[in-house]
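Quick caveat: nothing in here was measured; it's all calculated off a predicted structure.
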Amino acid sequence: MRLLAEFFPEFSQKFDEIDELYKEKRNIDEKTYQFICFALAIKNRSVPCVKKHFKGALEAGATVKELSYIMALTFRESAGGDDCWIHDALGDYKELMRSNIKCCPK
């Protein structure tokens with residue numbers, strides 16, 4: 001967002017407006033909000049967001065043990081999604097092995 005803030009500030013400003021709207025309309029407690037954001041930050045592999053929401057969750061009353069559970073849950077759900085995705089992508093792998101499929105067209 002730093003480049004956007006400099007070269008397309010109108011776009012960055014809209015994100016700030018969305019953040020304010022979320023705060024205004026939020027119907028879940030702060031700790032739950034921080035847990036969700038923490039899990040999403042892990043999935044998005046955003047170091048600043050992981051740190052921000054880890055600290056935010058602690059400030060909202062979470063424990064490190066609870067955050068560890070959120071981490072484990074995020075990892076487990078990700079593994080489940082990866083498992084489903086790869087099996088759908090490969091489909092009938094035996095048929096795929098018999099075919100003359102080319103992965104990179106020439």
Side-chain angles (χ1 to χ4, degrees):
M1 290 295 261
R2 290 172 284 214
L3 283 175
L4 287 174
E6 183 176 346
F7 294 104
F8 195 177
E10 304 86 353
F11 186 84
S12 295
Q13 188 175 20
K14 293 298 178 187
F15 269 98
D16 292 339
E17 291 173 23
I18 290 169
D19 288 345
E20 287 304 312
L21 180 62
Y22 279 138
K23 276 185 189 174
E24 179 185 320
K25 300 291 183 178
R26 187 183 308 159
N27 58 8
I28 57 175
D29 63 90
E30 182 67 18
K31 188 166 96 169
T32 302
Y33 170 79
Q34 292 297 334
F35 281 164
I36 292 168
C37 291
F38 181 60
L40 290 169
I42 293 168
K43 281 301 299 163
N44 291 325
R45 303 179 72 81
S46 172
V47 172
C49 291
V50 164
K51 290 177 179 181
K52 173 185 176 183
H53 295 295
F54 182 89
K55 188 157 173 51
L58 292 173
E59 290 170 356
T63 65
V64 174
K65 185 173 183 174
E66 288 174 314
L67 285 161
S68 296
Y69 175 82
I70 298 298
M71 288 172 56
L73 177 62
T74 303
F75 300 160
R76 174 60 191 101
E77 287 302 308
S78 296
D82 290 346
D83 180 56
C84 292
W85 179 85
I86 193 64
H87 286 96
D88 287 346
L90 289 177
D92 182 357
Y93 74 93
K94 291 178 183 176
E95 179 62 32
L96 184 61
M97 291 168 62
R98 285 190 290 272
S99 74
N100 195 15
I101 191 168
K102 300 285 187 228
C103 295
C104 301
K106 292 183 181 184

Query raised in the report: What closest approach, in Å, do A57 and L67 show between heavy atoms, and which atom pair accounts for it?
Result: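 Distance-wise, the nearest heavy atoms are CB-CD2, 3.7 Å.
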Query - Residue pair A5 / S12: nearest heavy atoms and the distance that separates them - result: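 Where A5 meets S12 most closely, the heavy atoms are N-OG, 3.2 Å.
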To the nearest 0.5 angstrom, please state how far the [atom1] atom of [X] sits from the [atom2] atom of [Y].
{"X": "F38", "Y": "L58", "atom1": "CZ", "atom2": "CG", "answer": "9.0 Å"}
{"X": "I70", "Y": "C37", "atom1": "CD1", "atom2": "SG", "answer": "11.5 Å"}
{"X": "F11", "Y": "L3", "atom1": "CZ", "atom2": "CG", "answer": "12.5 Å"}
{"X": "K31", "Y": "T63", "atom1": "NZ", "atom2": "OG1", "answer": "7.0 Å"}
{"X": "M71", "Y": "L73", "atom1": "CE", "atom2": "CG", "answer": "11.5 Å"}

Query raised in the report: Should we count NZ of K52 as having more than 12 external heavy atoms under 6.0 Å?
Result: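 No, NZ of K52 has 12 or fewer neighbouring heavy atoms, counting only those of other groups under 6.0 Å.
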**Report entry** Residues clustering with L40 (ILVMFWY side chains joined when closer than 4.5 Å, directly or via others)
**Finding:**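 Reading the cluster by chain and number, L40 sits alongside I28, Y33, I36.
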Requested in this report: Only pairs at least two apart or in different chains count here, so list each side-chain hydrogen bond (donor to acceptor under 3.5 Å, both in side chains) that has a residue in residues 67-82.
Outcome: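 Qualifying pairs, neighbours excluded: K43-S78.
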Which atom pairs, donor and acceptor, lie under 3.5 Å between side-chain atoms of residues 83-90 and protein residues at least two apart or in another chain?
residue : atom : partner : partner atom : Å
D83     : OD1  : H87     : ND1          : 3.2
H87     : ND1  : D83     : O            : 2.7

Query - pair Y22-E20: side-chain heavy atoms closer than 4.5 Å - result: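 Of all side-chain heavy-atom pairs linking E20 with Y22, none is under 4.5 Å.
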Requested in this report: With side-chain contact (heavy atoms from CB on, under 4.5 Å) as the test, would you mind laying out the steps for E10 and F8 before giving the verdict?
Outcome: CA-CA 6 Å; E10 304 86 353; F8 195 177; 3.2 Å; yes
